[in-house]
Amino acid sequence: MKSEELFNEALKLFPMGVNSPVRYYSPVPVMFSQGKGSKIIDVNGNEYIDYSMGFGPMILGHANEEVALEIKSQIDNGILFGSITENEITLGKIIKNAVKSIEKMRFTNSGTEATMHAVRLARGYTGRKYILKMEGGYHGAHDYALIKSGSGTMTFGTPSSAGIPEEVSKTVLVGQYNDRSNIESIFREFGSEIAAVITEPVLGNTGVVNPEDGFLKFLREITERYSSLLIFDEVITGFRFGFKGYQDIVNIKPDLTTMGKIIGGGAPVGLFGGREDIMNKISPGGNVYEAGTFSGNPLTMSSGIATLNILKNKDYGYINNYTDKLVNGINEIIEENKITAGINKCYSMFQLFFNNKRVNDYNTAKLSDAVKFKKMFELLLKEGIYLPPSQFETNFISFAHNGGDLNSTVDAFSRVLKCL
Ligand SMILES: Cc1ncc(COP(=O)(O)O)c(C=O)c1O
C-alpha cells in the first residue's frame, strides 16, 4: 500500500492519523518503513538523508548492527521480568561514571515521565509548590510541563493545552530563557516558594537556542541563593555533544537531571537522577512516589548499553565537523542569495530560521516565517532530504552521516533556497 492509502487507514485509527502531534503535517506525512545508517526509506521506496534521526536518539544512525545484535540477544532471553536486572545496573554505572552530578537515578520509559517525576521529587524534597520553567522550553506532555506564559507581562503560566486545571497552571511560573532580570524579578516575588527551576540547558524545542554567556551559571547561583533546586532537562543534550551531559561541558552541577533519547539508543527511555540525598526521597525508601511496569526494562537497557558502549569510543569531533561544514555551506547560500534567514547551531544540532533577528529565546524564534520553512521542508523532501517537519524542532547529525550526504545536502539546500 502506498503512503496515501496507508495514511487514510491511519486517519480512521488515530487522531489526525498520528500517535504524536509533530508527526502530522499536511497534506500527507511521509511514512517510513526502513532505516539504515543516515538514510530512511518511505513506503513508496524513496530514500532520504535523515536529519531528524528519530528526533534525536539515533546518534549512531539507523539499524546499527552491534546495537541490533544486543537487542536480539535480549529478546531471546526474555524482555520483561518485573524485577531488577543486571542490565539496569550496567547502564546505570555507565551513566553515573559519565555525568558527575548523577549520584543516583531512576529509569523511566520516556522523557515526559522523567520530568514529571523530577518535578514531583523537587516539590516533595523542598516542601514548596512552585516550579519555574522557561517559555518555549519543552519537557514532555504532562500537566506541569505544558505551560507557557500568556504574554510577556504575565508571570503565571497559561496552559498550552485544554484539560489542565487552573489550579495546576497556577503552580508553574514561566520565565524568559536568557533573560536574567526577568528571572531575578520572579525570584524576588516567589523565591521562597520555588521548589525548582527546570530548563533545557540548550533549548532544542524552539529550534536551537544557545544559552548566553553566564546564563546557566546565573541559574545555578540564584537557585542556591533561594534554596531552590536546579533541574537540567538533558533529554536532548545528554550524550549528544560528548560522552557526558551538557552540564559537564559547561561545568555546572544541577541538583537533578533528566535524560532520555540517546541513552536508550532508540528504545523508549527516560531517566531522572542527581544528588543522592534528594534521590533517596523516592519510594519505597522515601515518601515521593514513582513507579513504572516497564521502567528499566531489559530490552531498552540492552539497547542503551550497546549504544553508549559504542559512543564511548567515538570522536564527537566527527559529527561536530560535519555540522560545521553543513552550516557553513548553507550560510554561504543564504549570503550569496541575500535570503532573510539565519542558522543557530550547537555542536551537532542546528536549525535554520527564516528571521531577520538573531534568535535567542522563544519570542524571537516565534517571529520566524514558519510558512516559508514548511515550503523549504516540502522542497527538500522532493530532493531526498528529510528534516524534522517544523521550524521549532532541531536537525540532528549522526555518526552515520558521511561526506556524500554532506555534499548532497548542501546541493539540495542550494537549489531549494534559490527557489524560495
Ligand atoms: C527536552 C525534552 N524534554 C522532555 C521531552 C519528552 O520526552 P519524551 O518525548 O520521550 O516523552 C522531550 C521530547 O522531545 C524533550 O525534547
Side-chain angles (χ1 to χ4, degrees), residues 18-24 51-59 99 105-122 131 133-148 160-161 172 174 177 196-211 216 219 230-241 245-247 254 256-274 290 292 294-297 300 303-304 307 344 346-351 361-362 365 387-396:
V18 292
N19 281 298
S20 193
V22 283
R23 295 178 198 170
Y24 174 79
Y51 287 100
S52 172
M53 302 313 288
F55 288 104
M58 311 311 298
I59 192 167
V99 185
M105 72 201 87
R106 274 270 166 96
F107 286 113
T108 63
N109 305 291
S110 66
T112 295
E113 278 176 59
T115 64
M116 179 179 75
H117 293 309
V119 159
R120 185 184 307 125
L121 176 58
I131 297 295
K133 74 176 284 289
M134 304 298 143
E135 187 171 24
Y138 180 70
H139 305 291
H142 60 83
D143 285 5
Y144 293 106
L146 280 179
I147 314 280
K148 62 174 183 173
S160 306
S161 160
V172 181
V174 179
Y177 184 77
V197 171
I198 183 167
T199 188
E200 298 172 73
V202 178
L203 296 189
N205 291 281
T206 12
V208 180
V209 180
N210 283 289
L216 297 175
L219 289 182
L230 179 62
I231 307 173
F232 275 176
D233 181 355
E234 296 229 38
V235 165
I236 287 182
T237 55
F239 295 91
R240 163 57 48 195
F241 311 130
Y246 186 77
Q247 56 190 271
L256 292 173
T257 297
T258 52
M259 288 199 175
K261 298 200 189 248
I262 288 174
I263 62 164
V269 78
L271 166 157
F272 65 103
E290 183 274 336
F294 301 106
S295 297
N297 73 78
T300 291
S303 172
T307 299
N344 277 7
C346 186
Y347 298 88
S348 59
M349 286 162 52
F350 79 95
Q351 182 58 302
D361 62 8
Y362 175 73
L387 307 185
S390 160
Q391 172 73 89
F392 305 111
E393 296 290 339
T394 293
N395 295 289
F396 294 103

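Each ligand, and each atom within it, is numbered from 1 in the order the structure gives.
- Atom CD1 of Ile236 and atom NZ of Lys261 lie 5.0 Å apart (nearest 0.5 Å).
- With respect to atom 16 (O) of ligand 1, the closest heavy atom belonging to the protein is Asn205 ND2, 3.0 Å.
- Remark: among candidates Pro268, Ala114, Gly111, the nearest residue to atom 10 (O) of ligand 1 is Gly111, based on non-hydrogen atoms.
- Using a distance-only test at 3.5 Å, with no hydrogens or angles considered, a donor-acceptor pair links the side chain of Glu234 to the main chain of Gln247.
- Atoms of ligand 1 lying under 4.0 Å from at least one heavy atom of Glu200, given by number and element, are 1 (C).
- Under the side-chain contact (heavy atoms from CB on, under 4.5 Å) test applied with Asn344, the options Leu203, Val208, Thr394 reduce to a single match, Val208.
- The side-chain heavy atoms of Phe55 and Val22, taken from C-beta on, include a pair separated by under 4.5 Å.
- Judged by the shortest distance from any of its heavy atoms, Phe55 lies outside the 4.0 Å radius around the atoms of ligand 1.
- Proximity to Ile236 (heavy-atom distance under 4.0 Å) selects the following atoms of ligand 1: 16 (O).
- Nearest protein heavy-atom contact of atom 14 (O) of ligand 1 is Lys261 NZ, 3.0 Å.
- Atom CZ of Phe241 has more than 12 heavy atoms from other residues, nucleotides or ligands within 6.0 Å.
- The part of His139 lying near ligand 1 is the backbone, judged by heavy-atom distances below 4.0 Å.
- Looking at Asn395, its side chain does come within 3.5 Å of a backbone N or O of Phe350 through a donor-acceptor pair.
- The shortest heavy-atom distance from Glu113 to ligand 1 is not under 4.0 Å.
- Atoms of ligand 1 lying under 4.0 Å from any heavy atom of Gly140, numbered from 1 in the order shown and given with element: 4 (C), 5 (C), 6 (C).
- When each of His142, Lys133, His139 is paired with Thr115, the side-chain hydrogen bond (donor to acceptor under 3.5 Å, both in side chains) condition holds for His142 and for no other.
- In terms of protein heavy-atom proximity, atom 3 (N) of ligand 1 is nearest to Asp233 OD2, 2.6 Å.
- Considering only heavy atoms from C-beta on, Tyr246 stays 4.5 Å or farther from Glu200 through its side chain.
- Listed by atom number, the atoms of ligand 1 under 4.0 Å from Ser110 heavy atoms are 10 (O), 11 (O).
- The nearest heavy-atom contact from the protein to atom 9 (O) of ligand 1 is Thr112 OG1, 4.5 Å.
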